[in-house]
Structure formats: structure tokens, C-alpha cells
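Working notes for the structure below.
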Amino acid sequence: GSLSKGVQVLGNFLGKDGTGAKFRAGIATTAGEQLVIQGNILTNIDSVGMDIYLDANGAYNIKDNDIKGKVKVGTKFTFGPGRTIGVNYLNNLSFENELGLSIDESLNGTINWLIEGDTAMMGQTGANIVFRSSGKKMLKDNIWEANTGIGMKYLGDFSPPVQATVEFNGDVFAKNGEDGFSGRLQLQAQADLQFRFLKLSGSENGKDGVSLALAAFGGAKADIFMGGETDLSLNAGAALRLLGEKSSIDIFKVTIDDLDAHGKKDAVVVFYLFDMKLNRSFTNNTITGNTGTAIVLDGSTEARIDSNIISGNGGAIRVNDLAKASIGRNTINGNSKGVLLAGTGAGTMLSENSIFGNQDIGIDLGNNGVTANDAGGPDT
């Protein structure tokens, strides 16, 4: 129970040989602070490999466990409200689980995470994570790979007075049947979030490498950074898809920097943001060798595209709908087309770009071929 202290579950084999009735759970615990679950092997469990409910302040260490077979959930975390908790979830393996890792945080309290060196593969979904509480959430060098569905489903649902930092560093979201990472950030009034994607590998997924939806209400704010030697190549969908709900408030500061994306047949990076402005949006990235368009702005997106190398793609930058952008200091060469202004929005600026050696027009007004001169015409 939650009043216990120092419970340890170490080095056990838990499971069945597959021919008889299976256990509902391998390990089910509401143990209190200083719980340790380490070095266990769980196989052929019916429902949940490790079912962990935490309702006491303190530190918890879950590490070096193997959960194998058609278990519905490999590891499941739920929490009591209002606690201050630290969880180290380290070097665990979920193999062929329907869902490898499930986290559902409580609405308040502080929950700090270190999720490092874990693998969830060959199942249906690698992880389904819901973060709601304050605290630092660090996910480092994990592998979410070769699942038939999504590598990781993520929801960040933060309400005031939550202050949280979420960082993915060196994680692999690869070779999944659907998106590598599919996430949503929704922020209520005065919530404050720092969100980081660093050194990710999101390649060879059946849909998008990374898909992230943004929604915020009543003065919430988020600082989002993606990049730092991130590789989102060879996905069947977009390398990166950024989606936003209608909001007239400049609340998301997004920087996408040092991204490598190649081998795409469709659009590579897609911004679809309704009436949402993104400061410091897309800088210092390399996008090469895609048969689709490298960067697509849809909806009413306002974005900055700066200091990128965009070469050998079907198109470099396409601005659709009411979107507009500041496009500056990019090198755009060897593409089928350069910059395509295909929408009805006004206010896109192109400045200090190097546009050369493209097969078709460098800047195509209207995305409809050569635009004839109309001296003295009533231009809008």
C-alpha cells in the first residue's frame, strides 16, 4: 500500500508457458516511496505486465525489466493527486506488447521523469503518454520502433499553475506502420511549457515522422524547439507536420533547427496553423533529395523560413491558402521549382535568398508558370 516504504521486486520470472490461463498482471502494486522493480522477466501475461499506481511522495526506480508477448499493456503508470514524485524508468524492454508503455499523470502535483534506454518494439503502439503535472519530463535514448501502429502517442494537457519542461533527446521513432511520433500540446490559461525535441531519429515510418498539434487558450504560452541533428528521412508521409487550432494570440515560439530530411515523395515539412504566428520558426535546416515539396505552409500560418539549405527536391517552399512567410537567407538550388506562391494571402517577403540552378522557375507567382508583365495594371 501507499504507506509502505522500500519495497523491492528483484530478479523474478513471472508468467505462463502459453498453454494455460494467464495472469491478469505480472506485478500489480500501490507501493509507497522508494519502490524498486528491477531485473524481472514477464511473459505471456494476459492484461498488464507491470501495473503501477503511485500515491505517495518519493522516488521510484523501475529498471532492467523485460516484458514479452501479447500482453495488452507492458507497463502502466497511474497516480494519486497532489504528490511530489520522481520516477526513473530505465532500460526496460517491451516486446510484442499491444501497448508497450502507458503513462497517465494526475491533474496536479509534481511528477519528474527520467525515461532512458527503454525499447518498445514489434507491438501495436510503442507508448501512450499523457503528461498533466508540473515537473521535468526527460525522455532520452529510447527506441520506439517497428510497431504496427504509432511509435508514440503523446498528449501534453497542461492547466494553470503548471510549469513543465518536456524533453526528448536521442529517441528513435522508426519503422512504425503509422506515425513515428504523434502528439498534441494543449495549454490552458497561464500554463507555461518548455518543449524540446533533440537529436531524434524518425525515419522509415508508414506515415509522418513527427506530427504535432498545438492548441492554447487564455494566455498560455509554450517555447518549442525541434532539431539539434534530428533526422526525419524516408517517411511515407511528411517528415514533420505541425498543426494548429484557430488562435489569434502569438503564443507558440517554435524553432526548428538542424533538421535532416530526405527521401520523401510528398511534402516534407507541413505547417497547417490557423491564424497562428510562429516566431523563429524554421532555421538552419538541410532538406535534400525529396521528390515532394520541401516546406508547405497551409491555412493562415505565419512563419519565418531562414538560413536553410533546400536542394534537389520537387519544390523548395510552397505558400498556400492565406499563409504568409518571411523567407530569407536560404540557399535554394537544384529543385524542380524554387519558391511557389500559390495562395491568396498577402505579405510574404523574400529577401537575401540564393536561388539558382532549379529546373523550373525560381519564384513562381501563382504556382502557374510564367506570369506576364502587366505594366500599369491594377495589381492587388
Side-chain angles (χ1 to χ4, degrees), residues 42 48-50 52 62-77 87-105 113-131 137-156 166-185 195-213 224-242 259-261:
L42 301 95
V48 182
M50 295 188 291
I52 302 169
I62 318 296
K63 54 187 180 180
D64 303 321
N65 301 285
D66 290 355
I67 307 162
K68 300 177 180 179
K70 304 297 184 182
V71 59
K72 291 182 175 63
V73 182
T75 303
K76 178 182 178 182
F77 285 98
V87 182
N88 295 315
Y89 187 76
L90 310 175
N91 302 314
N92 300 285
L93 170 65
S94 298
F95 186 80
E96 294 186 333
N97 304 166
E98 291 184 22
L99 172 60
L101 173 63
S102 174
I103 295 172
D104 191 357
E105 287 190 343
W113 286 92
L114 176 58
I115 301 173
E116 182 176 3
D118 298 289
T119 299
M121 63 185 303
M122 301 299 291
Q124 292 186 17
T125 300
N128 187 6
I129 293 178
V130 181
F131 286 152
K137 331 291 183 179
M138 169 66 77
L139 294 92
K140 184 177 181 182
D141 297 331
N142 303 288
I143 298 174
W144 321 95
E145 186 174 63
N147 298 286
T148 58
I150 296 171
M152 175 180 286
K153 296 172 65 177
Y154 173 82
L155 171 62
V166 180
E167 181 173 309
F168 293 83
N169 191 328
D171 283 55
V172 175
F173 304 93
K175 300 179 181 178
N176 298 286
E178 299 182 30
D179 296 341
F181 176 95
S182 179
R184 176 181 170 86
L185 294 176
F195 191 87
R196 299 284 184 267
F197 269 135
L198 305 173
K199 299 182 181 180
L200 300 189
S201 176
S203 302
E204 299 182 66
N205 295 288
K207 293 186 178 178
D208 298 337
V210 171
S211 176
L212 183 63
I224 301 170
F225 179 88
M226 300 181 184
E229 302 176 19
T230 286
D231 179 6
L232 299 178
S233 58
L234 301 173
N235 296 287
L240 170 64
R241 190 180 305 272
L242 200 61
L259 171 72
D260 178 16

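Of all non-hydrogen atoms in E98 and K70, the two that sit nearest each other are OE2-O, 4.1 Å. Listed here is the closest heavy atom pair of L101 and W144: CD2-CH2, 4.0 Å. Smallest separation of non-hydrogen atoms from L90 and D118: C-OD1, 3.4 Å. D179 and K207 make their closest contact through OD1-CB, 3.0 Å (heavy atoms, listed as atom of the first residue, atom of the second, distance). The two residues R184 and L212 come nearest to each other via the heavy atoms N-CD1, 4.1 Å. Summarising the geometry of A236 relative to G206, their closest heavy-atom pair is CB-O, 3.0 Å, with the distance given to 0.1 Å.
Within the 3.5 Å criterion, the main-chain N or O of N205 finds a donor-acceptor partner in the side chain of N235. A donor-acceptor pair is defined here as one N or O able to donate and one able to accept, closer than 3.5 Å; no such pair exists between the side chain of D208 and the backbone of A239. At distances below 3.5 Å, not a single donor-acceptor pair connects side-chain atoms of N97 with backbone N or O atoms of A120. Side chain of N176 to backbone of I150: no donor-acceptor contact under 3.5 angstrom is found. Between the T230 side chain and the L200 main chain, a donor and an acceptor come within less than 3.5 Å of each other. In this structure a side-chain-to-backbone donor-acceptor pair under 3.5 Å is present from N92 to N65.
Remark: I52 CD1 to S102 OG distance equals 11.0 Å, nearest 0.5 Å. Between the CG atom in L242 and the OG atom in S211 there is a gap of 8.5 Å [rounded to 0.5 Å]. For the atom pair CG of D104 and CG of L155, the computed distance is 9.0 Å after rounding to the nearest 0.5 Å. How far CZ of F95 is from CG of D66: 10.5 Å, rounded to the nearest 0.5 Å. Once rounded to the nearest 0.5 Å, the distance linking CG of L99 with CD of Q124 reads 9.0 Å. Considering CD1 of I129 and NZ of K137, their distance stands at 11.0 Å, rounded to 0.5 Å.
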Inset, instruction - For N169 and K199, run side-chain contact (heavy atoms from CB on, under 4.5 Å): C-alpha distance rounded to whole Å, both residues' side-chain angles, the deciding distance at 0.1 Å, then the answer. - result: CA-CA 6 Å; N169 191 328; K199 299 182 181 180; 4.2 Å; yes
Inset, instruction - Could you go through the side-chain contact (heavy atoms from CB on, under 4.5 Å) check for D171 and F181 one step at a time? - result: CA-CA 10 Å; D171 283 55; F181 176 95; over 6 Å; no
Legend entry - Test log, rule side-chain contact (heavy atoms from CB on, under 4.5 Å), inputs M50 and I67: CA-CA 9 Å; M50 295 188 291; I67 307 162; 3.7 Å; yes
Legend entry - side-chain contact (heavy atoms from CB on, under 4.5 Å) between L198 and E167, intermediate numbers included: CA-CA 8 Å; L198 305 173; E167 181 173 309; 3.7 Å; yes
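A side-chain donor from one of S233 and S203 sits under 3.5 Å from a side-chain acceptor of the other.
Looking at residues two or more places apart in sequence or on another chain, you find a ring pair (Phe, Tyr, Trp, His ring centres under 6.0 Å) between Y89 and F77.
In summary, of the residues considered (N91, V172, L93), a side-chain contact (heavy atoms from CB on, under 4.5 Å) with T119 occurs for L93 alone.
More than 12 heavy atoms of other residues, nucleotides or ligands shown are found within 6.0 angstrom of CE on M138.
Between Y154 and F195, the ring planes lie tilted relative to each other; the angle falls in the 30° to 60° range. Using cut-offs of 30° and 60° for the angle between ring planes, the F197 and F168 rings count as tilted.
Here the side chains of I103 and F131 are in contact, with some heavy-atom distance below 4.5 Å. Side-chain contact between I224 and L185 is present, with at least one heavy-atom pair separated by less than 4.5 Å. Taking the side chain as every heavy atom from C-beta outward, L240 and V210 approach each other to under 4.5 Å.
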